[in-house]
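What follows is one structure encoded as structure tokens, with my remarks underneath.
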Amino acid sequence: MDTILLDADRRVGGPYTLAAALLDRLVPQALERRPGLVADHDIEIRAAAPHLRGAVPARRRSLADDLPRAQRVLVPGARRSLRIANGLAEFVRDHLRRTGALALTVTNLGEADYTDAELVAVLRRRLDPGLLRIDEGPSAPGTGPLPADFDRYRDEGFHHAMAESGLEALHGVEDVPLLLRVAAALEAIEREDEARELYDRARRESTDPKQRATAAYATAMILVRHHDHDRRDPEHALAWINEAITITSLLPDPRERAFHLGFDLNGKALVEVRRGRREAAMELVQRALDLADADLPGEHPIHRLVLHANRAQLLAMAGREEEALAGYTRAVEADPGYPDYYLDRGNLLHRLGRTEEALADYEAVMRLSPPFPEAYYNRSELRFAAGDLAGALADLDHTLELDPAFAPAYVNRAGLRVAAGDHAQARDDVEHGLEIAPRDPHLLCVLGQVELAEGHLPEARIAFDQALELDPGLVAGWANRAELAFERGDHEAALADLARALELEETAELLFNRSVVHRAAGRPDQARKDLLRAAELAPGDEDVKRALAEV
């Protein structure tokens, strides 16, 4: 096993100091032996090691690659670095399988940037130590700050580096544009209180209209997007976003006004959604689109496609699915290399029952992006609906391999395992999920299913009660609690819970289950009525047909 010594100190090269050094060793070899493998991971390699861009052309490109920075309004979210780390891990794994095992001794790992620390965690989790062993070497005293490449940090979504380097650079300095960038980075990594302090500082230091409008807009976004839902305050956010709109409405240049005001109107649309006013939100997005069409011809295409996608989301919420689909398609066609809107369109297609098209969109995300957990999770739902339980389980396994903190995947995988009678592993999934999301009603509902299947009826009741307290609209919670009541012989409680479930969602399965309870309670007429309605909803259901023949 070959051994190499690498330094992870972020003060040497900033984000991906360690990754860049490792790629310096591996990429030239891979270009000689397997150039296709390098091409498959172009985004990850170019993000982690910009000095290799001359040797690694961009194969997967999006609209932003050819636009001036001022028009690249989509800043990557904090989760993008996890996708990059997974892509790099897969590159390293596939390369070493061909060339042989490798041992890394990493010095100054405690001084690594967030990106390298995350990469090391992914490498250790996903690669067999017989293929890649990572040992921690000694640390050396640091000298001087990080190199600060703020444009790179913004473009790549290196928010931790932007926050750290930016806060250092702002000591005793009045630089409001940098201050606003650093505040946005702090917000992205869920340090909203510190971000809010910087926005307040910007208001103290600046009288520039655009800067003050940006600070007002960003404050509103903190108030509607705070990672702690209990701290969200849409009414307070409305006051701040109106402040931003008041300012940008008065900008004298029509082009500047169209862009900045349109941006703020789009932000107010989110505030109105949080306030439950979707029609008002739709009108605001349309106003922003009208401004762009009138005063920004040929400019800001990303701003425009974001507006079309947001309008599509609102249309889908309003039940106007075909219009929503057209909006998402317009966004996808405007930037075929950007993966996120394929995911949104795929979700809508899935909802419409157009499964082949939804599958194509999810698999487009897989091709266009570094590993994207949501795409595999969503494909698992399609496979489950098609009866491909093994494929669904494989996709859920891969989702959690990519992101062990993806709580919804634990819900679905635990549900599959309960259905297969694998109660021990289902319980493991529920317990892992509840460590991440202790108040998730879906996880609590599956926990109840596990307890019920294992005959722990009091514990099952507690879990179902907790799930329904958190989410009274959870159909599965009412249905499973009804099953528990039936197991206990409490027919009236079972019928009450099934009635509530049917109020929320009328399905043939729920009607069939209620017919069983009615028969057990000596009410054959009510049972037959439920079965007749079930037959209308699912005319091909053999269980319903047999039950009807018996009553």
Side-chain angles (χ1 to χ4, degrees), residues 73-82 114 118 153-154 157-164 166-167 170 176 179-204 211-248 263-278 280-281 284-285 306 309-310 313-314 317 340 344 373-374 403 405-408 433-443 469-471 473:
V73 296
L74 283 173
V75 177
R79 285 173 54 82
R80 180 173 184 261
S81 63
L82 178 61
Y114 176 88
E118 182 179 54
Y153 299 169
R154 176 197 181 275
F158 297 156
H159 302 294
H160 293 81
M162 175 70 85
E164 181 184 24
L167 287 170
L170 286 170
V176 176
L179 187 155
L180 293 171
R181 280 190 176 192
V182 175
L186 288 165
E187 182 184 354
I189 58 177
E190 300 184 353
R191 291 164 61 180
E192 290 100 332
D193 289 344
E194 294 168 81
R196 182 74 182 269
E197 288 174 9
L198 288 188
Y199 290 131
D200 289 343
R201 177 176 162 186
R203 282 185 272 273
R204 291 192 298 272
Q211 291 173 353
R212 291 188 68 85
T214 298
Y217 166 91
T219 302
M221 293 303 100
I222 287 177
L223 288 164
V224 290
R225 295 192 302 216
H226 201 289
H227 78 277
D228 181 351
H229 287 211
D230 292 338
R231 297 186 62 185
R232 292 180 177 181
D233 186 346
E235 296 304 317
H236 195 184
L238 183 63
W240 278 112
I241 198 64
N242 280 343
E243 181 91 355
I245 288 170
T246 300
I247 296 169
T248 51
F263 204 86
D264 293 340
L265 291 169
N266 188 48
K268 185 173 180 178
L270 175 59
V271 175
E272 294 290 22
V273 167
R274 293 282 197 265
R275 297 177 73 222
R277 302 180 71 238
R278 292 176 182 170
L284 289 162
V285 173
V306 167
N310 287 356
Q313 185 179 32
L314 291 166
M317 289 179 183
D340 295 54
D344 294 333
E374 289 84 349
D403 183 4
F406 198 105
L434 288 172
E435 288 175 8
I436 300 159
R439 291 172 54 82
D440 186 296
H442 299 278
L443 283 166
E469 182 180 350
L470 290 166
D471 184 1

Worked check of side chain to side chain contact (heavy atoms under 4.5 Å, CB included) between Leu265 and Val285 = CA-CA 7 Å; Leu265 291 169; Val285 173; over 6 Å; no
query = Any side-chain heavy atom of Leu186 within less than 4.5 Å of one from Leu198?
reply = yes
task = Carefully, step by step, assess Glu192 and Asp228 under the rule side chain to side chain contact (heavy atoms under 4.5 Å, CB included).
result = CA-CA 10 Å; Glu192 290 100 332; Asp228 181 351; over 6 Å; no
message = If I take atom CE from residue Met162 and atom CD1 from residue Ile189, how far apart are they, to the nearest 0.5 angstrom?
response = 11.0 Å
note = By salt bridge (charged side-chain N to carboxylate O under 4.0 Å, His left out), Arg439 pairs with (sequence neighbours left out) none
remark   = Sorted by chain and residue number, the salt bridge (charged side-chain N to carboxylate O under 4.0 Å, His left out) partners of Glu374 (sequence neighbours excluded) come out as Arg79
key: Pairwise side-chain contact, Arg274 with Arg225, heavy-atom cut-off 4.5 Å (strictly under)   = yes
request  = Any chance you could measure Tyr199, atom OH, to Ile222, atom CD1, to the nearest 0.5 Å?
outcome  = 5.5 Å
request  = For Ala437 and Leu443, work out which heavy atoms get closest and say how close.
outcome  = O-CD1, 4.0 Å
message = Here's a test for you: under side-chain hydrogen bond (donor to acceptor under 3.5 Å, both in side chains), which of His159, Glu118, His160 qualifies with Ser81?
response = Glu118
key: Student check: side-chain heavy atoms of Asp344 and Gln313 closer than 4.5 Å   = no
inquiry  = Show the nearest heavy-atom pair for residues Ile436 and Ala407, with the distance to one decimal.
reply    = CG2-CB, 4.4 Å
message = Quick one, Leu270 with Met221, criterion side chain to side chain contact (heavy atoms under 4.5 Å, CB included). Give me CA distance, side-chain angles, the key distance, then yes/no.
response = CA-CA 8 Å; Leu270 175 59; Met221 293 303 100; 4.0 Å; yes
message = Is any side-chain heavy atom of Arg203 closer than 4.5 Å to one of Asp200?
response = yes
remark   = Correct closest heavy-atom pair for Ala78 and Ala188 would be CB-O, 3.6 Å
key: Which atom of Ala185 lies closest to which atom of Ala163, heavy atoms considered   = CB-N, 4.1 Å
Residue pairs, two or more places apart or on separate chains, that pass salt bridge (charged side-chain N to carboxylate O under 4.0 Å, His left out) and touch residues 231-245 = Asp193-Arg231, Glu235-Arg275
task = Report the residues that fulfil salt bridge (charged side-chain N to carboxylate O under 4.0 Å, His left out) with Arg196, sequence neighbours left out, ordered by chain and then residue number.
result = none
inquiry  = Would you say that Asn266 contacts Leu284 through its side chain, given a criterion of any heavy-atom pair below 4.5 Å between the two side chains?
reply    = no
request  = Evaluate the criterion side chain to side chain contact (heavy atoms under 4.5 Å, CB included) for residue pair Leu314 and Asn310; output intermediate values, then yes/no.
outcome  = CA-CA 6 Å; Leu314 291 166; Asn310 287 356; 5.5 Å; no
key: Closest non-hydrogen atom pair between Ala281 and Ala269, with its separation   = CB-O, 3.3 Å
note = When rounded to the nearest 0.5 Å, the distance separating OG1 of Thr214 from CZ of Arg181 is 12.0 Å
ask   = Out of curiosity, Arg212 CZ to Leu180 CG, how far, rounded to the nearest 0.5 Å?
value = 11.0 Å
Set of salt bridge (charged side-chain N to carboxylate O under 4.0 Å, His left out) partners for Glu194, sequence neighbours left out = Arg191
task = Applying ring-ring contact (aromatic ring centres under 6.0 Å, His included), name anything that partners Tyr153, two or more places apart in sequence or on another chain.
result = none
query = Is the closest side-chain heavy-atom distance between Thr219 and His236 below 4.5 Å?
reply = no
request  = Look up atom CG in Asp340 and atom CG in Leu74, then write down how far apart they are to the nearest 0.5 Å.
outcome  = 8.0 Å
ask   = Which pair of non-hydrogen atoms, one from Ala202 and one from Val176, has the smallest distance, and what is that distance?
value = CB-CG1, 4.2 Å
Spatial distance of atom CG (Asp264) from atom OG1 (Thr248) [nearest 0.5 Å] = 4.0 Å
